[in-house]
Amino acid sequence: HTDIELLGRSNNPATVSLVSNGQQVLLKFTKDDMPNRAFLPIEIDRKPYSNLLTRMEDPKVATMTLSDDTLAALRKGGALLIAWLEDEPVTASLAGSQQGLTDLTTCGAQVAAQYQAQQQAKAQAEQRAEAEARARQLAQAQLAVVEAQKKAADAEARKASEEARRQKAEADALQAQQQQQQQQADADAARQRQAQEEEQQREYQRGYYSRRPSYPPPGYYDPYPND
């Protein structure tokens, strides 16, 4: 940008700035009570040129987009007059304005290119940062899924192991019970066999003694007769 100082009859200075991005040239200034948008004229060599005024976020700051006709007049003109900027019309000489406007647009283009490059680099850096953040989030999510699957698998394995231990304990208890029942059955069978053998022995003895006579057989000699 470049500043232009304008003076009125009271010699009170008023300053405006010419700002360029290489494509457009804006007239920037400060003034109280400006409309949001309006076409206002500026005079170059006593000829008016109307241009669009736009108020900025700061209500005291506004810019005027200069038309191609206005710029051509500024390059060739000798005097600039703005009647509405102050309480009185203010003027400024346009000597050297052609070279000044050329330098302004050239520098504006360079600065705009640098700014655009910076913005592109910033945008690329932000995109890389966002991509890295998404990649980290995805990796963390995948890791969380893997950990959850591992925990679920471990829990399932523990459950299966506990079930296997429970089934083995039940099988061992059943086997022990069956062994105990078999031992009891074997003992009962052994006692029954023993009882049968004892009964057979008693039956044999009863049969044996029942076959013996109760008197001496014929020819029996008693060496000790009764007195």
Side-chain angles (χ1 to χ4, degrees), residues 1-140:
H1 74 278
T2 184
D3 295 334
I4 299 175
E5 186 176 89
L6 298 94
L7 295 174
R9 291 181 180 180
S10 61
N11 288 327
N12 291 326
T15 303
V16 297
S17 298
L18 289 177
V19 182
S20 176
N21 59 3
Q23 296 179 351
Q24 292 181 325
V25 178
L26 306 178
L27 185 69
K28 185 176 181 181
F29 51 90
T30 60
K31 179 178 172 59
D32 295 334
D33 300 329
M34 288 183 296
N36 290 332
R37 292 171 67 88
F39 279 94
L40 294 178
I42 62 174
E43 293 186 11
I44 302 172
D45 294 340
R46 298 184 180 276
K47 182 178 180 180
Y49 294 87
S50 294
N51 298 273
L52 177 62
L53 175 146
T54 304
R55 192 170 68 181
M56 308 297 288
E57 293 182 2
D58 185 344
K60 293 184 178 182
V61 178
T63 60
M64 178 178 286
T65 304
L66 300 182
S67 66
D68 292 340
D69 292 341
T70 304
L71 290 175
L74 283 174
R75 287 187 175 92
K76 299 178 181 179
L80 169 66
L81 182 145
I82 303 177
W84 45 261
L85 185 61
E86 297 291 337
D87 295 335
E88 60 181 353
V90 290
T91 61
S93 172
L94 293 177
S97 60
Q98 180 155 353
Q99 184 62 43
L101 285 172
T102 300
D103 294 342
L104 178 66
T105 53
T106 301
C107 291
Q110 293 174 350
V111 172
Q114 293 174 358
Y115 177 77
Q116 185 176 6
Q118 291 174 353
Q119 292 299 108
Q120 290 177 350
K122 182 180 178 181
Q124 291 174 355
E126 291 177 350
Q127 290 175 357
R128 286 194 300 269
E130 292 176 356
E132 291 173 357
R134 288 194 298 268
R136 286 194 299 270
Q137 291 176 353
L138 178 60
Q140 291 173 355

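Listed by chain and residue number, Leu18, Leu104 satisfy the side chain to side chain contact (heavy atoms under 4.5 Å, CB included) test with Thr2 (two or more places apart in sequence, or in another chain). For Thr106, the side chain to side chain contact (heavy atoms under 4.5 Å, CB included) criterion is met by Thr102, Gln110, not counting sequence neighbours. Partners of Asn21 under the side-chain hydrogen bond (donor to acceptor under 3.5 Å, both in side chains) rule, at least two apart in sequence or in another chain, do not exist in this structure. Qualifying side-chain hydrogen bond (donor to acceptor under 3.5 Å, both in side chains) partners for Ser17, counting only residues two or more places apart in sequence or in other chains: Asp3. By the side-chain hydrogen bond (donor to acceptor under 3.5 Å, both in side chains) test, Thr70 pairs with Asn51, Ser67, sequence neighbours left out. Checked against ring-ring contact (aromatic ring centres under 6.0 Å, His included), Phe29 has the following partners two or more places apart in sequence or in another chain: Trp84. Evaluation of the side chain to side chain contact (heavy atoms under 4.5 Å, CB included) rule for Thr54 yields Arg37, Leu52, Thr63 as partners, not counting sequence neighbours. Scored by the side chain to side chain contact (heavy atoms under 4.5 Å, CB included) test, Thr65 finds Gln24, Leu26 as partners (sequence neighbours excluded). Residues satisfying the side-chain hydrogen bond (donor to acceptor under 3.5 Å, both in side chains) criterion with Gln99, sequence neighbours excluded, are Asp103.
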Using the rule given for side-chain contact (heavy atoms from CB on, under 4.5 Å), can you reason through Leu81 versus Arg46, listing the C-alpha separation, both sets of side-chain angles and the distance that settles it, and then say yes or no? CA-CA 7 Å; Leu81 182 145; Arg46 298 184 180 276; over 6 Å; no
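Note that CG of Leu74 is 3.5 Å distant from CD1 of Ile44, once rounded to the nearest 0.5 Å. The structure places CG of Leu80 at 11.5 Å from OH of Tyr49, a figure rounded to the nearest 0.5 Å.
Among all heavy-atom pairs drawn from Arg75 and Ser97, the shortest one is O-OG, 3.4 Å. Contact record, Gly77 with Asp45: CA-OD2, 3.2 Å, taken as the closest heavy-atom pair. Between Leu85 and Ala14, the shortest heavy-atom distance links the atoms CD2-CB, 3.9 Å. Of all heavy-atom pairs spanning Leu101 and Leu71, the tightest one is CD1-O, 4.0 Å.
Taking 4.5 Å as the limit, some side-chain heavy atom of Ile42 sits within range of a side-chain heavy atom of Met64.
Sorted by first and then second residue, the salt bridge (charged side-chain N to carboxylate O under 4.0 Å, His left out) pairs with a member in residues 82-91 form an empty list; sequence neighbours excluded. Among residues at least two apart or in separate chains, salt bridge (charged side-chain N to carboxylate O under 4.0 Å, His left out) pairs with a member in residues 48-64 are Asp32-Lys60.
Considering Leu27, Ile4, Thr91, Leu40 as possible partners of Ile82, the one that fulfils the side chain to side chain contact (heavy atoms under 4.5 Å, CB included) test is Leu27.
The number of heavy-atom neighbours closer than 6.0 Å to NZ of Lys31, taken from other residues, nucleotides and ligands shown, is above 12.
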Could you pull out every donor-acceptor pair under 3.5 Å between side chains of residues 118-130 and any protein atom, sequence neighbours left out?
none

